[in-house]
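Here the structure is laid out as structure tokens; the discussion comes afterwards.
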Amino acid sequence: MIGTGTIGIGRSVRRGAGVRAGILTTALLTVTALVALPQSTAHAADTLGAAAAEQGRYFGAAVAANRLGEAQYAATLNTEFNSVTPENEMKWDALEPSRGSFSFGNADRIVNHAQGRGMSVRGHTLVWHSQLPGWVSGLGAADLRSAMNNHITQVMTHYKGKIHSWDVVNEAFQDGGSGARRSSPFQDKLGNGFIEEAFRTARAADPNAKLCYNDYNTDGVNAKSNAVYAMVRDFKARGVPIDCIGLQSHFNPNSPVPSDYQANIQRFADLGVDVQITELDIEGSGTAQATNYGNVVRACLTVTRCTGITVWGIPDKYSWRASGTPLLFDDNYGKKPAYHTVLSALGGSSSGDPGGPGNPGAACTATYTTTEDWGSGYNGQVTIKAGGSRISGWSVNVTLTAPQKVISVWNGTPTWDGSGNVMTVRSSWNGTLEAGASTSFGFTVNRNGNSTPPQLGPCTAS
Ligand code: XIL
């Protein structure tokens with residue numbers, strides 16, 4: 001009875017101490033059960049998909065049909081994500097390897113897997129110069145036009161009602177400063193109008209699917225994204241159907257997350273299209289990678305029309321850029337620092353985190369070392385490490401034994417209690433720590449004859 005009243009609300013488990021005292025003698029068994037409860041985090045979503053859903057977004061992964069039978073792969077997908085994109089299975093070479101003969105088997109496997117578990121599906125991709133079967137490139141203009149329209153119509157009709165957004169055209173613009181269209185069979189034989197035609201055909205085939213233009217190196221404001229921007233503005237002005245822009249967002253040290261990422265998302269949104277982050281991966285590791293991931297997620301959440309994020313794979317080992325370890329799970333499906341940062345940026349909190357109403361999941365640890373000792377005095381260092389979520393401030397009590405005296409403190413802001421023995425050190429410039437990241441502060445102590453080492457209290461995060 002008592003159990004059911006408190007189990008569902010995590011915070012009241014701890015607040016129940018007074019209640020426990022009152023019922024102790026009469027309800028020992030119930031009390032035991034109550035005390036043994038894990039610290040529930042029911043107040044904060046503890047998976048990427050659930051946390052994103054609370055923000056009105058989806059959080060998806062690119063998946064491969066031939067991995068769905070791997071237990072850990074499927075378990076991670078099913079637990080963490082609420083949207084999928086077939087990584088290769090809906091590309092032209094997979095769906096229509098020879099003219100007019102469609103093979104939907106692998107793509108259907110992914111769609112069925114998703115639908116059976118309440119996940120949504122992104123369709124990727126209808127018209128693209130890559131992974132295009134040779135028979136398409138060999139066609140003359142008139143044939144190519146009807147092959148393109150037939151491909152769009154057949155595929156979208158097959159998946160009608162099952163796909164929330166389609167990448168209708170992928171990567172049609174050139175890299176670099178020209179803002180020109182990329183050479184491809186479609187561009188070269190049908191001219192600029194092929195994109196518009198593809199979108200019109202797509203709208204007719206499935207009027208309820210969102211129609212996206214998807215590309216890479218269009219994540220910041222640059223010549224290529226300017227060209228896409230001009231196209232979208234023109235489409236909107238002329239009533240050509242387009243609903244969304246896909247920013248692939250493949251990042252690495254040579255192509256980092258642009259500082260104007262959010263501004264770029266916003267300017268597309270302001271044209272009246274949704275923005276989806278469609279193929280996110282960020283090469284790197286540890287805190288640096290986590291920080292980049294956090295920045296991407298926060299940029300998306302800041303723009304109302306940024307409606308969802310898809311990462312381009314689940315564990316690093318299956319990434320198309322595996323050597324860059326660009327994903328959220330390591331090769332053994334362990335959650336990387338980037339995972340925790342993403343979850344926290346989405347407003348979620350890893351299970352097991354203490355949680356709290358102000359900053360759910362905020363937690364840190366503090367550890368002490370003496371870095372220098374000269375007999376009459378010593379330098380102490382306290383390392384603060386963020387737990388499973390990003391924190392924006394920390395504090396810790398350092399208790400000295402009289403008559404020791406602290407004579408200086410750096411990288412932290414100290415205050416003392418009345419006795420002068422307990423020093424509370426709060427973060428100064430170094431309060432923001434990504435999940436798993438650390439910082440340290442230091443202080444110098446005059447021993448005044450006492451050699452007891454300082455004692456640390458618990459770390460408090462905000
Ligand atoms: C990649 C897949 O991840 C690889 O497995 C495949 O070998 C090549 O294509 N832009 C896109 C995606 O739009 O379709 C690409 O996916 C990555 C770059």
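Whatever order the structure lists ligands and atoms in, that order sets their numbers, starting from 1.
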| said: Which residue is it: N214, T125, N170, T310? I am looking for the one with a side-chain hydrogen bond (donor to acceptor under 3.5 Å, both in side chains) to T278. | reply: N214
| said: Strictly distance-based, threshold 3.5 Å: is any side-chain N or O of Y73 a donor or acceptor partner for the main-chain N or O of A64? | reply: yes
| task | May I ask you to decide if the ring planes of F186 and F194 are parallel, tilted or perpendicular, using 30° and 60° as cut-offs? | result | parallel
| message | I'd like the contact residues of ligand 1, where contact means a heavy atom below 4.0 Å. | response | E87, N88, K91, H124, W128, Q131, N170, E171, Q248, H250, E279, W312, W320
| task | Please list all pairs passing the ring-ring contact (aromatic ring centres under 6.0 Å, His included) test where one or both residues lie in residues 252-279, with sequence neighbours left out. | result | Y229-F268, F251-Y261
| task | If the plane angle is over 60° it's perpendicular, under 30° parallel, otherwise tilted; pick one for F102 and F104. | result | parallel
| said: Between S130 and E171, is there a side-chain donor-acceptor contact under 3.5 Å, judged purely by atom types and distance? | reply: no
